[in-house]
Amino acid sequence: MRITVRKAIEKAYKELNDREGWGEADPGAFDVSPPREEKFGDFSTNLAMILAARLKKKPRDLAEKLAAAFLDDDLFESVEVAGPGFMNFRLKPVHWARELSRVSGEADSFGRTDLGQGEKVMVEFVSANPTGPLHIGHGRGAAVGDALASILAWAGYDVTREYYTNDVGLQMDNLGRSTLMRAREAAGNPMEEEPPYRGEYMKDVARAFIEKYGPEILSAPDDEALTAARRFASESIMEGIRKDLADFNVRFDVWYSEKTLHDSGSVDSLIGLLLEKGLIYEQEGALWLKTGEQGDEKDRVVRRANGVTTYLAADIAYHKTKLDREFSTLVNIWGADHHGYVPRMKAVISALGGDPEKLVVRLVQLVSLKKGGQSYAMSTREGVFTTLRQIIDEVGTDAVRYFFLMRSSDSQMEFDVDLAKSQSSENPVYYVQYAHARCCSIFRQADEKGVAEPRFEEVDLSLLTGRDELRLIRKLLQLPEVVELAARSFQPHHITGYLYEVAGLFHFFYKHNRVVSEDSALTASRMALIRALQITLKNGLEILGINAPEKM
RNA sequence: GCGCCCGUAGCUCAGUUGGAUAGAGUAUCAGAUUGCGGAUCUGGGGGUCGCAGGUUCGAAUCCUGCCGGGCGCACCA
């Protein structure tokens, strides 16, 4: 609808331009958007004010001239000039109502756009090390990454969701040692020192380890025992992570193992290649990548003096595979504490011959918890949720996802556990889900009364001209542009906020208007509206990975 | 010291990328239903958009400098 209006404005401008001889065929970058105040109309444009600067004329005069061009236009009910030179357009209501046919026609795909034109995009997220269960911070990253991937897919991109597993290196050795120490402790040999990973979960891992290998593994040679412990622990923890994510309704297409990069030799060969190109040099026995020239604070070590490659070395090889897989955009979702890594990775992309602009890093800020009126930083405290598992068990996947997606990921957020748990009107998740359930309930009621849902072509759309109806229609037709906004800004919270507004308008409409009534023509047209609304809510929730229940 | 994010109502946060009189929820106070789900709806009070400059027709939004909070500045990952 917005596009239709824009085209009408452009047409009017061109005609006026020819007639007045301004010699400016291009109207420039003007804005067409719904005004904040409903009384101003359906859309407004700042075209006249943009032109005023260029043409050195008064904005209001220009606006008057432009407005006159719409006098006998069938699209608009009114075109007015207001304020410093805004033009406000009000469409004939029937044009709005007709748009509803698009919603019911597109049904499950309403909201999809072709913004991305099928371009390949990777979204890499979570990528937590398999050294312990996911915590709440990972959960926020998981929700944001998953929703963002879904948003981009709805916006017409060809999306790959990927989890990069750091399943090799020092931390894996530490994990193996911790497992072995806990296992020996369980077998009656007290530990002489704290294990590298101290979490309680390591005791469970150790017990399962003994169960699988038998107690004799504990007396095996250190090398053998350690190798077994390392592999068992990482696999078992990874399995737990996969299960947590699955229960959190988060899906991945590819699980990419760091180990395979080393095993295939691509880390070493890439270092060799960059050495030849002069992008890596040797100093004090170590190999350094010249990231300093590319905006990083300084150059970075890729191979230590002791011959062991760093994490960065593997990350170079990993991002090389992303470039080789020909993604046009590489989205990485990281915790905010990794922000120092951004210029480094951009430099890496440059060194690999890629365009650093391709790399889009979304930093997700920290989560703190509020429970029983008290705030907790995300440190480990007794009685406070720390793992993703705990919070989804306690609060439920839908509510946790909604809460994580409700706020801009740029802001630190406080997770109100009591609010998320409450099954009341204060809880925004239920507010939205309830709106959907209500729509479904209306259809159930109609069915019981023997009122069949009308076919769209049979509906008299000219009946949908009430204020409440038009508000609702205008809002629900915005889903595609909200999806695009969320895709362009890489911010899922636009959708959450939008759905809340849609739900609010519906609850208001529902309170003041009856859908199924004695008036069969009106009933039919309103049922068509409610169907379009139900589709909008369902698709919006679907994008966010949140259930749209038919009953609650 | 350098860098990134944040600072908007008592609290938690939006603000369509520079537009018109700055908005929700919550808390608080006062109300609404003999019909489709009260998990709903209506109204009131509540603001120096951290501070100070600048850019222009127009700034919560862009630029500069301060102040405050968080997080980073490894031959860890």
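Note: hydrogens, waters and symmetry copies are ignored here, and every other heavy atom, side chains too, is used. Below, read A as the first sequence line, B as the second, and so on, with proteins coming before strands; counting in each chain starts at 1.
If A/L312 and A/G83 are placed on RNA chain B by their nearest nucleotide, the residue sitting closer to the 5' end is A/G83. Each of A/R344 and A/S44 was matched to the nucleotide of RNA chain B holding its nearest heavy atom; the match closer to the 5' end belongs to A/S44.
The listed nucleotides are B/A77, B/C11, B/C41; the one nearest the side chain of A/H338 is B/A77. Ranking B/C41, B/G70, B/U17 by closeness to the A/Q412 side chain, first place goes to B/G70. Closest approach to the A/V515 side chain among B/A14, B/C36, B/C5 is made by B/C36 (side chain taken as heavy atoms from C-beta onward). Across B/U12, B/A77, B/G37, the shortest atom-to-atom separation from the side chain of A/E414 is found for B/U12. Checking B/A14, B/U16, B/A77 against every side-chain atom of A/L485, the shortest atom distance belongs to B/U16.
For B/U56, there is no paired base (Watson-Crick or G-U wobble, both distances below 3.5 Å). Applying the Watson-Crick and G-U wobble criteria (two distances, each under 3.5 Å), B/U33 pairs with nothing in any strand. With a 3.5 Å ceiling on both atom-pair distances, the Watson-Crick or G-U wobble partner of B/G23 is B/C13. A 3.5 Å limit on both hydrogen-bonding distances identifies no Watson-Crick or G-U partner for B/G18. Pair assignment for B/G72 gives B/C2, based on Watson-Crick or G-U wobble hydrogen-bonding distances that are each under 3.5 Å. Summarising the base pairing, B/U28 is matched to B/G44 through a Watson-Crick or G-U wobble pair whose two defining distances lie under 3.5 Å.
Between A/K56 and B/C57 there is no side-chain N or O to OP1 or OP2 distance below 4.0 Å. Residue A/H512 places no side-chain N or O under 4.0 Å from the OP1 or OP2 atom of B/A32. For A/Y431, no side-chain nitrogen or oxygen approaches OP1 or OP2 of B/G38 to under 4.0 Å. OP1 or OP2 of B/A20 sits under 4.0 Å from a side-chain N or O of A/R36.
Here A/K551 lies in heavy-atom contact (under 4.0 Å) with a base. A/K39 comes within 4.0 angstrom of a base, heavy atoms only. Across all strands, A/E284 comes closer than 4.0 Å to base atoms (heavy-atom distances). Within 4.0 Å of A/S517, counting heavy atoms only, lies no atom of the nucleic acid at all. Residue A/R438 is in sugar-phosphate contact alone, with no base atom involved, counting any heavy-atom pair closer than 4.0 Å across all strands shown. At a threshold of 4.0 angstrom between heavy atoms, the contacts of A/D418 with the nucleic acid are absent. Contact annotation for A/N46: base contact, defined as any heavy-atom pair under 4.0 Å involving a base atom.
Salt bridge A/D418/A/K371: absent, no basic N to carboxylate O contact under 4.0 Å.
Taking the 5.5 Å centre cut-off and the 30° plane limit, the aromatic side chain of A/F86 is not classed as stacked on B/G19. Remark: ring of A/F40 overlaps the six-membered base ring of B/A20 in a stacked fashion, centroids less than 5.5 Å apart, planes less than 30° apart.
When the C1' atom is compared between B/A59 and B/A27, the two are found 31 Å apart, to the nearest whole Å. Comparing the same atom, P, in B/G70 and in B/C75 gives a spacing of 27 Å after rounding to whole Å. Distance noted for atom C1' between B/A9 and B/G25: 12 Å (whole Å). Taking the C1' atoms as reference points, B/A22 lies 15 Å from B/G58, given to the whole Å. Atom P of B/C73 sits at a distance of 24 Å from the matching atom of B/G65, rounded to the whole Å. Atom name C1', nucleotides B/G23 and B/U61: the rounded distance is 15 Å, in whole Å. Here the separation of B/G46 from B/A30, taken at their C1' atoms, is 15 Å to the nearest Å. Nucleotides B/C49 and B/U21, compared at atom P, are 15 Å apart to the nearest Å.
Taking the syn range as angles within 90° of 0, the glycosidic angle of B/U64 is outside it, so the base is anti.
Remark: the A/N88 side chain and the B/A20 base include a donor-acceptor N/O pair separated by less than 3.5 Å. With hydrogens and angles ignored, no donor-acceptor pair under 3.5 angstrom links the side chain of A/S408 to the base of B/A14.
With A/F30 as the aromatic partner, A/R6 meets the cation-pi criteria of under 6.0 angstrom to the ring centre and within 45 degrees of the ring axis.
Of the candidates A/Q365, A/H494, A/Q491, A/Q491 is the only one forming a side chain to side chain donor-acceptor pair (under 3.5 Å) with A/S408. Applying salt bridge (Lys or Arg N to Asp or Glu O under 4.0 Å) to A/E38 and the options A/R467, A/R471, A/R90 leaves one that passes, A/R471.
The minimum heavy-atom distance linking A/S517 with A/T523 is given by the pair N-OG1, 3.0 Å.
The distance between atom CG of A/L366 and atom C1' of B/G70, rounded to the nearest whole Å, is 7 Å. Remark: P of B/G7 and CD of A/Q365 are 11 Å apart, rounded to the nearest angstrom. Per the geometry, CZ belonging to A/R407 stands 21 Å off P belonging to B/G70, to the nearest Å.
Residues A/N539 and A/W154 bring no donor and acceptor atom of their side chains to less than 3.5 Å of each other. Of the N and O atoms on the side chains of A/D167 and A/T165, not one donor lies less than 3.5 Å from an acceptor on the other residue.
Using cut-offs of 30° and 60° on the angle between ring planes, the pair A/W334 and A/Y341 is perpendicular.
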